[in-house]
Protein chains: 2
Amino acid sequence: MDGKSALEGLFYPQSIAIFGVSNSPQRVGYSVLYSLLRSGYRGKIYPIHPVSGGTVMGCRVYRSLDDIPEGKVQLAIACVNERATVEIVKECGRRGVTNVVCIAGGYRESGEEGGLLEKELKELAKTYKISLVGPNTLGIINNEIDLYAVFHPCRFRKGPVSFISQSGGVGHTLLIQADEAGLGVNKWVGVGNRTVLDFPDYLNYLGSDPGTRAIGIFIEGTEKAGELVRAASQIDKPVVAYKGARTRESDFHALTHTGSMAGSYKVYHDIFRQFGIYPVDSIPEMVASLKALALAPPARGKRVGVVTHSAGPSILIADELLRGGCLLSSFTERTVEKISHGPLGAAVIPKNPLDLTGSGGTGEIFGYYLELVAFDHNVDIVVAIFFPHELWRFPRQEILAAGRRSGKPILVCAPAPAPVWEQERKELEECSIPVFRDPHEAAWGACAMAFRASYFSERVAQ
Amino acid sequence: MDGKSALEGLFYPQSIAIFGVSNSPQRVGYSVLYSLLRSGYRGKIYPIHPVSGGTVMGCRVYRSLDDIPEGKVQLAIACVNERATVEIVKECGRRGVTNVVCIAGGYRESGEEGGLLEKELKELAKTYKISLVGPNTLGIINNEIDLYAVFHPCRFRKGPVSFISQSGGVGHTLLIQADEAGLGVNKWVGVGNRTVLDFPDYLNYLGSDPGTRAIGIFIEGTEKAGELVRAASQIDKPVVAYKGARTRESDFHALTHTGSMAGSYKVYHDIFRQFGIYPVDSIPEMVASLKALALAPPARGKRVGVVTHSAGPSILIADELLRGGCLLSSFTERTVEKISHGPLGAAVIPKNPLDLTGSGGTGEIFGYYLELVAFDHNVDIVVAIFFPHELWRFPRQEILAAGRRSGKPILVCAPAPAPVWEQERKELEECSIPVFRDPHEAAWGACAMAFRASYFSERVAQ
């Protein structure tokens with residue numbers, strides 16, 4: 001399936017029909033309509049219910065697709081049970097609606113009978129050339145046009161990252177955490193049972209989607225891992241994958257969730273790396289990795305230089321950098337020489353991480369050493385640790401200058417309460433310098449960048 | 001040293017002298033004064049500077065301890081360089097000030113000369129029976145009396161957890177993250193070089209401190225690990241430890257930080273566990289563990305029952321529970337029977353985690369199954385996953401009832417944007433039910449409780 005053309009109508013519909021909307025807020029259809037209205041989607045919305053009629057939240061409810069007077073519906077969202085969904089997909093096919101999101105579960109994940117229903121869905125989609133999302137999904141989001149076709153009403157900041165998630169709950173949590181990290185979302189899809197559209201289809205589409213700069217995947221398991229990694233490797237954008245179901249017991253649980261057995265965790269990790277997909281182990285690591293990859297200029301290698309005025313956090317970062325495959329490079333002789341002649345003199349030991357101690361907490365002093373590390377030939381990625389202090393100037397100008405002049409990625413770790421952090425974050429991130437609050441997050445960002453640099457240099461070397 | 005009596009004056013001083021206060025906001029002394037004034041400490045504060053005099057932030061500056069008219073100073077904070085600090089400790093000793101916090105670094109961590117100065121400090125403390133914190137520390141906090149004697153001005157919510165940190169930066173980050181998790185702090189100390197007061201002294205004190213319900217330790221390394229773990233094991237409160245400097249390279253860095261070589265990471269972990277200290281691997285894990293241990297009633301075992309209406313997060317939680325030593329118990333026949341007769345009928349597969357699917361997102365249905373799991377004889381700890389939804393009622397009453405009636409710890413995972421989460425969090429946590437936002441955090445909390453249950457049952461068995 002040609003991802004781009006086929007999925008364009010799915011993510012950029014000008015009109016949406018929602019099947020199964022009545023005046024009951026407990027029902028999924030009501031939530032989807034509420035969500036679309038609240039997010040400010042500006043296309044046409046047609047709630048459909050065969051019996052109830054009337055209006056819901058001020059929208060007229062139609063009885064069927066035939067009942068809709070104006071032109072063609074571009075996207076249908078089926079918010080009815082598993083049997084009725086099959087009928088709706090049939091109706092959509094007959095009426096030329098080629099994009100359908102099927103919310104209901106109750107298919108192959110629930111047993112034999114559901115499996116047969118799912119086959120019907122698959123055949124209908126084939127017959128009518130329908131791009132079918134799900135079934136068993138939270139829905140889809142295109143933040144560019146304020147399209148929140150999901151049954152969990154929400155709203156997140158706009159930005160360059162898109163997500164493909166095999167779990168609505170985990171995918172929703174990713175959105176929450178990305179938003180709070182200041183990382184905006186572009187598109188989001190819950191793949192559900194992947195009866196028709198599968199990981200490779202979404203990857204192909206997002207790979208050529210101009211609004212998407214980096215892609216995060218949450219995966220429980222797939223029998224088509226090969227296609228997935230090949231699709232990812234052909235994309236010229238960073239792809240980060242989080243594989244759930246690490247242990248045998250949770251494997252079993254994943255089987256009954258979206259109907260696919262989760263494979264061996266380690267095998268997935270190894271294959272991901274081999275194909276240039278960066279594997280992570282948690283939601284915060286996914287967000288931190290995507291943030292670094294989406295915001296900072298690419299790194300040329302995996303050698304990290306750390307500058308700090310507080311030793312402890314630099315130790316935690318060093319731990320995590322080394323665990324994640326980075327190198328803590330030795331500084332060049334030239335840098336060592338310049339460190340010894342710096343404003344703090346011999347009090348600064350010229351090693352990496354470079355600890356300026358309490359005296360390095362002023363902007364000017366911090367800036368002097370940061371510049372040295374950023375220009376060191378043995379350093380590909382810089383991590384700068386600075387605790388915002390009410391009375392001391394944050395070295396924003398120095399960090400911006402070091403980033404601009406060296407052309408290297410600079411990752412800032414600035415632990416502070418959210419409101420304080422938010423201000424520095426915004427100004428630095430507008431200039432391609434990602435700012436993290438937790439030491440591990442900064443290290444994860446650096447590791448993701450180092451992985452990508454190594455992947456490309458190894459590919460060139462082959 | 002008798003922890004309780006000796007450290008009472010340190011944490012509950014009625015008068016404080018700050019050495020090294022001038023009108024320069026860049027200086028540490030200025031920051032400490034600012035911090036104490038802003039936090040609302042109600043004791044007497046005497047800024048001291050031998051030359052400058054005048055006033056700083058409206059406070060009269062004295063020339064020396066002799067210059068202070070009224071009575072005795074109970075706590076002195078030395079905010080001057082390493083040499084002048086030695087003189088101040090001498091002055092304090094002569095004038096009967098027996099609690100001194102020494103902020104400056106530049107002692108044994110910086111080489112031989114500093115080592116000699118540190119010896120002087122140690123001898124003076126011995127001669128004059130001084131409880132000396134540091135040197136090379138951010139300071140101390142007693143949130144009960146709004147005492148923020150630190151040079152990084154801050155303010156965090158009050159609560160039951162106290163911290164002992166070998167790094168000011170990591171300790172400060174712990175406070176930030178605890179605060180945002182809704183976990184309040186009682187006391188906090190940066191141990192610095194531990195020249196006089198060491199981990200065991202602080203542990204002994206906090207162990208009998210009525211305001212402290214659980215203790216978090218961040219440790220880089222100590223040559224007195226044996227004393228530390230023995231002290232911890234004699235305390236009737238949960239102790240959680242985070243050991244930095246995991247790798248050899250970061251070991252080397254820790255050596256030059258607070259002057260002590262960090263030991264083998266794995267050895268620390270094993271010894272911690274053996275003595276009932278729960279080891280964690282990150283700041284968020286520390287906060288989640290302390291939150292569960294401080295808020296929830298103790299668990300009777302390590303068998304966890306999980307209830308969810310979204311499968312993905314339960315898979316992540318299962319992964320982390322199994323990794324952390326919990327068991328995902330099978331439900332009893334009675335529970336299995338009742339599940340099959342529940343409101344969702346055969347659609348719910350009676351296994352653990354118990355996935356109610358999308359249909360379980362209503363308060364009544366969720367509550368029915370939660371109650372079954374909470375009362376199952378094979379379950380010691382319950383994890384309830386519920387995504388707060390704008391249109392659907394959060395099962396707050398059901399969760400509270402299950403907790404109250406079963407007497408078992410219930411940990412809630414409720415991923416939501418901060419403002420939504422905050423409301424549910426507050427009401428549930430007031431009733432001893434901790435609420436987490438990230439699936440791993442909920443699992444970490446359960447693992448910490450399971451560890452403590454196992455530790456006590458093994459101790460009883462011996």
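Residue numbers start from 1 in every chain, and the chains themselves are labelled A, B, ... in the order their sequence lines are given, proteins ahead of strands. When reading the values below, keep in mind they use all heavy atoms of this one structure, side chains included, and skip hydrogens, waters and symmetry mates.
Judged by distance alone, with hydrogens and angles left aside, the side-chain atoms of A:E180 form a donor-acceptor pair with the main-chain N or O of B:A418 at under 3.5 Å. Side-chain atoms of A:H389 come within 3.5 Å of backbone N or O of B:F151 as a donor-acceptor pair. For B:H172 (side chain) and A:A416 (main-chain N/O), no donor-acceptor pair under 3.5 Å exists by modelled atom type.
Taking chain A as the reference chain and counting heavy-atom pairs below 4.5 Å, the highest number among B:L321, B:V420, B:I176 is found for B:I176. Ranking A:G105, A:P388, A:S359 against chain B, the residue ahead of the rest is A:P388, based on heavy-atom pairs under 4.5 Å. The candidate with the highest count of non-hydrogen atom pairs below 4.5 Å against chain B, out of A:A104, A:S165, A:P313, is A:P313. Taking B:R393, B:Q177, B:H309, B:R38 one by one and counting their heavy-atom pairs under 4.5 Å with chain A, the maximum is reached by B:R38.
With a 4.5 angstrom heavy-atom cutoff, B:L391 touches chain A via backbone and side-chain atoms both. Of the atoms belonging to B:S282, heavy atoms from both backbone and side chain fall under 4.5 Å from chain A. With a 4.5 Å cut-off on non-hydrogen atoms, B:H152 touches chain A through its backbone and its side chain both. Contact annotation for B:E320: both backbone and side-chain heavy atoms come within less than 4.5 Å of a heavy atom of chain A. Proximity to chain A (any heavy atom under 4.5 Å) is shown, for B:R437, by both the backbone and the side chain. Contacts between A:S31 and chain B at a heavy-atom distance below 4.5 Å involve backbone atoms as well as side-chain atoms.
A:R27 CZ: 12 or fewer foreign heavy atoms inside a 6.0 Å radius. Counted within 6.0 Å of CD on B:E113, heavy atoms from surrounding residues, nucleotides or ligands total 12 or fewer; the atom is thus considered open.
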Where do A:L316 and B:I283 land on the side chain to side chain contact (heavy atoms under 4.5 Å, CB included) test, with the steps shown first? CA-CA 10 Å; A:L316 303 190; B:I283 293 171; 4.0 Å; yes

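Side-chain contact between B:I315 and A:S167 is absent, with no heavy atoms from C-beta onward closer than 4.5 Å. By the 4.5 Å heavy-atom criterion applied to side chains, B:P284 and A:D438 are counted as neighbours.
Nearest approach of B:T173 to A:P439, heavy atoms of both residues: CG2-CD, 4.1 Å. The two residues B:P25 and A:W392 make their nearest non-hydrogen contact at O-NE1, 3.1 Å.
Residues satisfying the salt bridge (charged side-chain N to carboxylate O under 4.0 Å, His left out) criterion with A:R303, sequence neighbours excluded, are A:D380.
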